[in-house]
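Given the structure is predicted, the values throughout are model-derived calculations rather than measurements. Naming: A, B, ... by sequence-line order, numbering from 1 per chain.
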Amino acid sequence: MSDVAVDNQGAGSRSIADWPPIILNLVAFVFGLAVWWAITAAQLVILPGPAAVFQRAIELIANGQLPLDIVSSLQRVLTGFILGVALAVPVGFLMGWYRVARALIEPYVQFFRMIPPLAVIPLAIVTLGIDEAPKIFVIFLASFLSCVVATYQGVISVDRTLINAARVLGATDRVIFPRVIIPASIPFILVGVRIGLGSAWATVVAAELIAAQSGLGFRMQQAQLYYDLPTIFVSLIAIGILGLVMDRFLQAAERRLTQWQERV
Amino acid sequence: MTSPQTNAKISFQNVSRRYGEGDRSFLALDRLSLDIADGEFVTVVGPSGCGKSTAMNIAAGLTDVSDGRVLVDGKSVVGPGPERGVIFQQYALFPWLTVRQNVEFGLRIKGTSAAERRRISDHFISLVGLTDFADALPKTLSGGMKQRCAIARAYAVNPTILLMDEPFGALDALTRVGMQDQLLDTWTRERRTVIFITHDVDEAVYLANRVIVMAARPGRLHKIIPVDLPYPRTEEMRLSPEFAEIRNQVWHAVYHQKPHVDLHIQEEEPLT
């Protein structure tokens with residue numbers, strides 16, 4: 001009896017649970033592709049199949065349009081995102097560290113957080129024109145709001161004993177801030193930065209749908225006019241892949257910067 | 001105002017601490033007066049709410065007094081100072097710094113040169129037996145090792161007083177006994193004045209020159225029990241009849257406290 005049980009778990013019959021995750025990822029990817037191909041090949045829906053989309057991707061890369069769109073979208077995202085984070089981190093620290101600053105700023109932050117950044121687009125276009133400024137502003141707003149709250153949360157949740165420990169070792173507020181508060185709140189800030197990048201990326205595409213002359217969102221808008229489904233697919237896939245790549249970069253940075261954390 | 005002269009290293013003079021205001025306030029510490037001599041090892045035991053941590057935080061300069069004062073070397077305590085090292089129950093190591101960087105934290109603030117920092121941290125890291133872990137992050141250390149690192153960190157800024165708030169409270173019984181011997185060993189070699197808070201009667205007797213027993217509601221001094229056993233303390237001593245006798249005294253003082261009579265009258269009067 002027990003022999004059988006041992007055999008079941010032995011090398012003889014490897015179950016799917018033993019497969020490395022990367023293989024499972026690949027299986028899922030191939031399966032998804034196959035389903036997509038099957039549905040479109042059987043003409044169950046009027047959508048381009050993998051082959052048509054892949055061919056269009058090659059064309060768009062070859063004539064330089066896809067790289068150009070990617071560059072303009074990324075430029076907007078990164079400009080708005082970096083400006084947003086650069087302002088959010090000091091403002092978040094200010095809010096966490098000084099009661100007065102918190103009481104003055106928090107109502108505004110909480111209020112604007114309730115307004116989806118996209119809802120600001122019409123106003124931004126009217127007041128800032130239709131060039132880069134309104135799009136960057138909206139992205140800036142989206143990343144600022146999600147990052148400022150995380151930073152502020154990070155500062156107020158710094159363990160009091162760590163602050164006391166620094167104080168009894170002779171640290172003044174001026175020392176405690178850079179040497180205790182900042183490092184202790186970095187994990188929170190990085191979570192905020194990741195959420196911020198996510199909302200910045202979501203916002204740029206939508207902003208380009210409304211008003212732009214280039215970018216992945218704009219390309220989809222154009223393709224929609226000409227019923228060019230493969231181009232829409234290419235753009236969507238590019239948006240997904242780029243978002244994923246950026247998030248992975250931040251994840252790697254997070255792991256490096258917070259390797260001192262005890263993970264449960 | 002002239003201050004009463006005292007030769008004590010630390011002198012609590014009528015120290016009271018009240019938390020909250022009006023009807024909802026409570027007296028955490030009621031007129032504590034206590035002198036601690038230079039180089040003395042004093043342990044403080046008492047039920048929860050006896051104000052032992054409050055007293056220590058006041059001496060550390062982390063909590064203000066409501067009344068009275070604490071003198072250290074004859075000077076009133078205002079805020080933390082480098083002559084008073086504090087060791088917390090939760091270790092309070094900076095998790096993003098290595099053992100060595102933690103130990104050097106206070107020295108870095110003082111502006112000690114890198115070479116000197118290194119010399120001092122080497123000395124105290126080896127004193128607590130963490131030489132092999134000098135470059136490890138706190139998350140890789142056991143509870144006992146973390147507390148040893150915290151002790152080295154407190155020693156590194158060369159305080160004349162060590163204030164320890166249940167430092168071994170989170171450790172298992174076996175580790176705790178080892179830590180007690182190591183602490184006494186360190187204390188014998190690097191003599192400081194120590195106030196050590198604990199809820200463990202054995203630990204209180206084993207470590208101390210004097211055991212301060214406190215009572216709760218309001219937190220106050222109950223009894224001072226001298227421990228006339230020589231150092232170094234040993235395992236045989238721990239099992240000796242003399243030790244048992246003192247232990248009984250302390251146990252009795254902690255667990256058979258009479259309720260505080262006038263307080264009860266005060267509390268009950270409004271009801272009748």
Side-chain angles (χ1 to χ4, degrees), chain A residues 85 89-90 92-93 96-99 147 150-194 250-264, chain B residues 53 56-57 59-63 77 79-99 101-112 135-141 143 146-147 149-159 161-166 170:
Chain A
V85 170
V89 171
F93 275 124
W97 195 238
Y98 296 106
R99 279 171 169 282
C147 191
T151 307
Y152 153 65
Q153 283 296 340
V155 176
I156 60 171
S157 46
V158 173
D159 188 353
R160 289 298 309 176
T161 16
L162 287 184
I163 296 173
N164 282 341
R167 206 156 258 159
V168 297
L169 288 167
T172 54
D173 277 2
R174 191 170 287 188
V175 175
I176 289 172
F177 192 74
R179 292 193 186 269
V180 180
I181 304 292
I182 292 182
S185 40
I186 277 186
F188 286 86
I189 296 173
L190 288 176
V191 169
V193 166
R194 267 181 77 192
L250 277 182
Q251 247 182 41
E254 197 179 330
R255 262 199 301 277
R256 266 190 76 88
L257 286 167
T258 65
Q259 57 180 340
W260 49 266
Q261 270 194 309
E262 298 205 35
R263 286 172 217 277
V264 193
Chain B
S53 290
M56 203 211 74
N57 281 329
L62 295 171
T63 301
V77 164
E83 79 285 358
R84 282 160 287 141
V86 182
I87 289 153
F88 301 89
Q89 179 177 359
Q90 314 89 324
Y91 321 125
L93 295 178
F94 303 113
W96 53 89
L97 301 180
T98 63
V99 166
Q101 288 167 332
N102 264 288
V103 173
E104 291 184 0
F105 187 90
L107 301 169
R108 209 175 253 277
I109 294 170
K110 274 205 295 191
T112 312
D135 298 314
L137 285 170
K139 70 168 179 181
T140 62
L141 305 180
K146 282 180 185 160
Q147 199 55 289
C149 176
I151 291 169
R153 182 176 68 176
Y155 262 105
V157 289
N158 199 21
I161 296 168
L162 286 177
L163 304 167
M164 309 180 82
D165 190 0
E166 300 195 24

**Q** In terms of heavy-atom proximity below 4.5 Å to chain A, should B/Leu93 be classed as side chain, backbone, both, or neither?
**A** backbone

**Q** Non-hydrogen atoms of chain B under 4.5 Å away: do they reach the side chain of A/Asp159, the backbone, both or neither?
**A** neither

**Q** Please give me the minimum heavy-atom distance between B/Ala92 and A/Thr161, naming the atom from each residue.
**A**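 Smallest interatomic distance, heavy atoms only, reads CB-O, 3.9 Å.
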
**Q** What pair of heavy atoms forms the shortest contact from B/Phe88 to A/Ala165, and how long is it?
**A**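 Scanning both residues, the minimum pair turns out to be CE1-CA, 3.6 Å.
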
**Q** What part of A/Val175 is in contact with chain B, defined as an atom under 4.5 angstrom from a non-hydrogen atom: side chain, backbone, both or neither?
**A**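 Contact with chain B is through the side chain of A/Val175 alone.
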
**Q** Just verifying a value: how many Å separate B/Glu104 CD and A/Leu169 CG, rounded to the nearest 0.5 Å?
**A**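 Interatomic distance, B/Glu104 CD to A/Leu169 CG, rounded to 0.5 Å: 12.5 Å.
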
**Q** Report the C-alpha distance between A/Arg179 and B/Phe105 in whole Å, list the side-chain angles of each, state the deciding distance to 0.1 Å, and finish with yes or no for side chain to side chain contact (heavy atoms under 4.5 Å, CB included).
**A** CA-CA 9 Å; A/Arg179 292 193 186 269; B/Phe105 187 90; 4.1 Å; yes

**Q** Mind ranking B/Val86, B/Leu62, B/Val157, B/Leu137 by heavy-atom pairs under 4.5 Å with chain A and telling me who comes out on top?
**A** B/Leu62

**Q** B/Arg108 versus chain A, heavy atoms under 4.5 Å apart: side chain, backbone, both or neither?
**A** side chain

**Q** Working to the nearest 0.5 Å, report the span between CG of A/Leu162 and CH2 of B/Trp96.
**A**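 Separation between the atoms: 5.0 Å.
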
**Q** Distance from B/Gln90 atom CD to A/Arg160 atom CZ, nearest 0.5 Å?
**A**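 B/Gln90 atom CD to A/Arg160 atom CZ measures 13.0 Å (nearest 0.5 Å).
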
**Q** Crowded around A/Phe177 CZ? As in, over 12 foreign heavy atoms under 6.0 Å?
**A**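 Yes.
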
